[in-house]
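So you know, we letter chains A, B, ... as the sequences are listed, proteins then strands, and number each from 1. This one's a predicted model, so the numbers in the text were calculated from it and none came from an experiment.
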Number of protein chains: 2
Amino acid sequence: MEDRAPVEPPHPAQDVTEHVGYRLKRSAAALRGAMDRELREHGLTVPQYACLELLDERPGLSNAELARAAFVTRQSMNVVLRGLQDAGLITRPTTSDHGRALPAHLTPEGRDRLDGARRAVYAVESRMIAAVPPERLAALLTDLDRMASALGG
Amino acid sequence: MEDRAPVEPPHPAQDVTEHVGYRLKRSAAALRGAMDRELREHGLTVPQYACLELLDERPGLSNAELARAAFVTRQSMNVVLRGLQDAGLITRPTTSDHGRALPAHLTPEGRDRLDGARRAVYAVESRMIAAVPPERLAALLTDLDRMASALGG
DNA sequence: TCCTCTATGTCAAAATCCTGACATGGAAGA
DNA sequence: TCTTCCATGTCAGGATTTTGACATAGAGGA
């Protein structure tokens with residue numbers, strides 16, 4: 001359609017909105033907005049949901065590990081964890097047996113809340129996936145991965 | 001490589017980090033971080049740079065139009081414009097001749113600053129683009145676009 | 001053992017961004 | 001004409017996130 005890309009362009013592109021970075025930000029912003037709208041009905045923010053999802057997958061993750069996995073700073077993740085802890089969705093020991101890392105775990109309430117939120121988020125992701133030809137999905141995933149790795153992500 | 005995707009999975013995926021949304025966020029975060037590092041040397045933030053780039057392409061854009069194009073709220077863009085205005089990189093009339101929209105324009109200083117910053121940002125984008133097979137680049141752009149549109153972006 | 005290095009958790013301060021709200025200006029329709 | 005509706009710019013407040021800094025705990029080497 002709009003791939004009127006000339007061969008060997010002197011510049012990456014003329015129109016800013018045609019840049020990969022712009023498209024990337026647009027897609028990420030759209031996803032973030034859709035997730036925000038859905039998660040609000042479940043009383044969760046996007047970082048909180050991401051945190052619950054990560055802890056469900058890998059129980060015992062520490063604050064710093066969660067921060068790296070969610071692409072935020074330790075300080076930001078700390079307030080997220082505090083909120084989840086106050087809401088009774090996760091537990092964290094006050095002292096650590098090994099090092100300073102405090103392993104976090106989901107509570108049964110946290111697991112329940114995650115179950116509901118996950119359904120809503122998966123519906124959003126399904127809508128997003130449905131927009132790309134199925135035979136290109138795997139390539140899209142690997143390309144996103146390579147781009148992130150190329151920038152030290 | 002890692003596309004050990006079974007046919008017709010009951011759930012979109014088991015591992016969170018395999019989800020499209022997670023990859024999208026990872027790539028966007030890596031790009032944002034790399035741009036932040038580069039733009040800091042030019043005394044610009046990412047929203048400020050985006051604003052300059054948009055104004056170079058489409059002079060006379062109003063605050064609200066810039067906000068939509070940069071995926072932020074009008075209020076956020078307003079403070080960005082204020083900063084650029086105080087730095088003497090853009091100009092905005094205090095009164096409007098038609099409606100309430102105040103058209104913004106780059107100053108010569110703004111154009112100069114943009115030139116330097118653009119080189120740094122383009123280098124980052126080139127590194128990112130180099131990571132994906134050239135024959136898949138066009139498809140990647142359209143797929144990102146379709147995903148954003150599917151979510152009302 | 002002692003020293004250095006790295007990683008973690010945490011605090012304080014600032015910057016950034018968003019939500020809610022309000023007044024103004026133009027457009028569309030009765 | 002008048003009225004309703006929408007878009008824009010702006011203000012105030014709060015929420016979120018980041019930057020900078022500090023103390024602590026473990027690993028590795030001299």
Side-chain angles (χ1 to χ4, degrees), chain A residues 25 28-37 39-41 43-51 54-55 58 60-87 90-105, chain B residues 25 28-37 39-41 43-51 54-55 58 60-87 90-105:
Chain A
K25 180 162 186 177
L31 175 61
R32 173 69 182 243
M35 285 180 66
D36 264 325
R37 280 192 297 273
L39 287 174
R40 181 159 312 185
E41 303 173 6
L44 289 176
T45 66
V46 171
Q48 283 175 338
Y49 165 75
C51 193
L54 285 166
L55 282 177
R58 280 180 278 163
L61 247 44
S62 71
N63 177 28
E65 292 170 324
L66 286 167
R68 276 192 297 270
F71 315 110
V72 294
T73 61
R74 281 171 292 163
Q75 294 86 335
S76 297
M77 183 54 74
N78 204 4
V79 316
V80 172
L81 285 178
R82 225 171 265 249
L84 290 174
Q85 204 164 1
D86 292 347
I90 69 167
T91 58
R92 252 195 322 175
T94 55
T95 170
S96 92
D97 48 350
H98 181 70
R100 292 201 69 188
L102 303 174
H105 290 271
Chain B
K25 179 161 187 178
L31 175 61
R32 172 69 182 242
M35 286 180 66
D36 264 325
R37 280 191 299 272
L39 287 174
R40 180 160 311 182
E41 304 173 5
L44 290 176
T45 66
V46 172
Q48 283 176 337
Y49 165 76
C51 195
L54 285 166
L55 282 178
R58 279 181 279 164
L61 247 45
S62 71
N63 177 28
E65 292 170 324
L66 286 166
R68 277 192 296 270
F71 315 110
V72 295
T73 61
R74 281 171 293 165
Q75 294 86 335
S76 297
M77 183 54 73
N78 203 6
V79 316
V80 171
L81 284 179
R82 225 172 266 248
L84 290 174
Q85 205 164 0
D86 292 346
I90 69 166
T91 58
R92 250 196 321 176
T94 56
T95 170
S96 93
D97 48 349
H98 181 71
R100 291 201 69 188
L102 302 174
H105 290 271

Any side-chain N or O of B:Asn78 under 4.0 Å from OP1/OP2 of D:dT10? yes
Could you tell me if the side chain of A:Arg82 sits less than 4.5 Å from the side chain of A:Asn78, heavy atoms only? yes
Select one nucleotide: of C:dT10, D:dT17, D:dG9, the one nearest the side-chain heavy atoms of A:Asn63. C:dT10
Within the structure provided, determine whether A:Arg32 and A:Val46 are in side-chain contact (heavy-atom separation under 4.5 Å). yes
If the cut-off is 4.0 Å, is A:Arg68 near the phosphate of C:dT8, judged by side-chain N/O to OP1 or OP2? yes
B:Cys51 and B:Met77: which non-hydrogen atoms are nearest, and at how many Å? SG-SD, 3.9 Å
Output yes when at least one side-chain N/O atom of B:Thr73 is less than 4.0 Å from OP1 or OP2 of C:dC18, else no. yes
For the helix from C:dT1-D:dA30 to C:dA30-D:dT1, what is the angle between the axes at its two ends, each from 5 pairs, rounded to 10°? 30°
Tell me, do B:Arg92 and B:Asn63 make a side-chain contact under 4.5 Å, heavy atoms counted? yes
Toward the 5' end of DNA chain D, by each residue's nearest nucleotide, A:Gln48 or A:Arg74: A:Gln48
Under 3.5 Å, N/O pairs linking protein and nucleotides 12-14 of chain C:
none

Can you measure A:Leu39 atom CG to D:dA15 atom C1' for me and round it to whole angstrom units? 17 Å
Expressed in angstrom and rounded to an integer, what is the separation of B:Asp36 atom CG from C:dT16 atom P? 11 Å
Short question: side chain of B:Gln48, backbone of B:Thr45 - any donor-acceptor pair under 3.5 Å? yes
Interatomic distance where CE belongs to A:Met77 and C1' belongs to C:dA7 [whole Å]: 17 Å
Upstream residue (5' side of DNA chain C) when A:Arg40 and A:Glu65 are each assigned their closest nucleotide: A:Glu65
Quick one: on DNA chain C, does B:Arg32 or A:Arg82 contact a more 5' nucleotide (nearest heavy atom)? A:Arg82
With rounding to the nearest 0.5 Å, note down the distance linking CG in A:Leu84 to CG in A:Leu44. 7.5 Å
Rounded to whole Å, the CG-P distance (B:Asp86 to C:dA15) equals 14 Å
Does any non-hydrogen side-chain atom of B:Leu55 lie less than 4.5 Å from one of B:His105? no
Which whole-number value in Å describes the distance from A:Leu61 CG to C:dA7 C1'? 15 Å
Is any side-chain heavy atom of A:Val80 less than 4.5 Å from a side-chain heavy atom of A:Pro47? yes
Separation of atom CG in B:Leu81 from atom C1' in C:dC17, rounded to whole Å: 15 Å
Check whether any side-chain nitrogen or oxygen of B:Ser76 sits under 4.0 Å from OP1 or OP2 of C:dC18, and answer yes or no. yes
Could you tell me which non-hydrogen atom of A:Pro93 sits nearest to which non-hydrogen atom of A:Pro103, and how far apart they are? CD-O, 3.0 Å
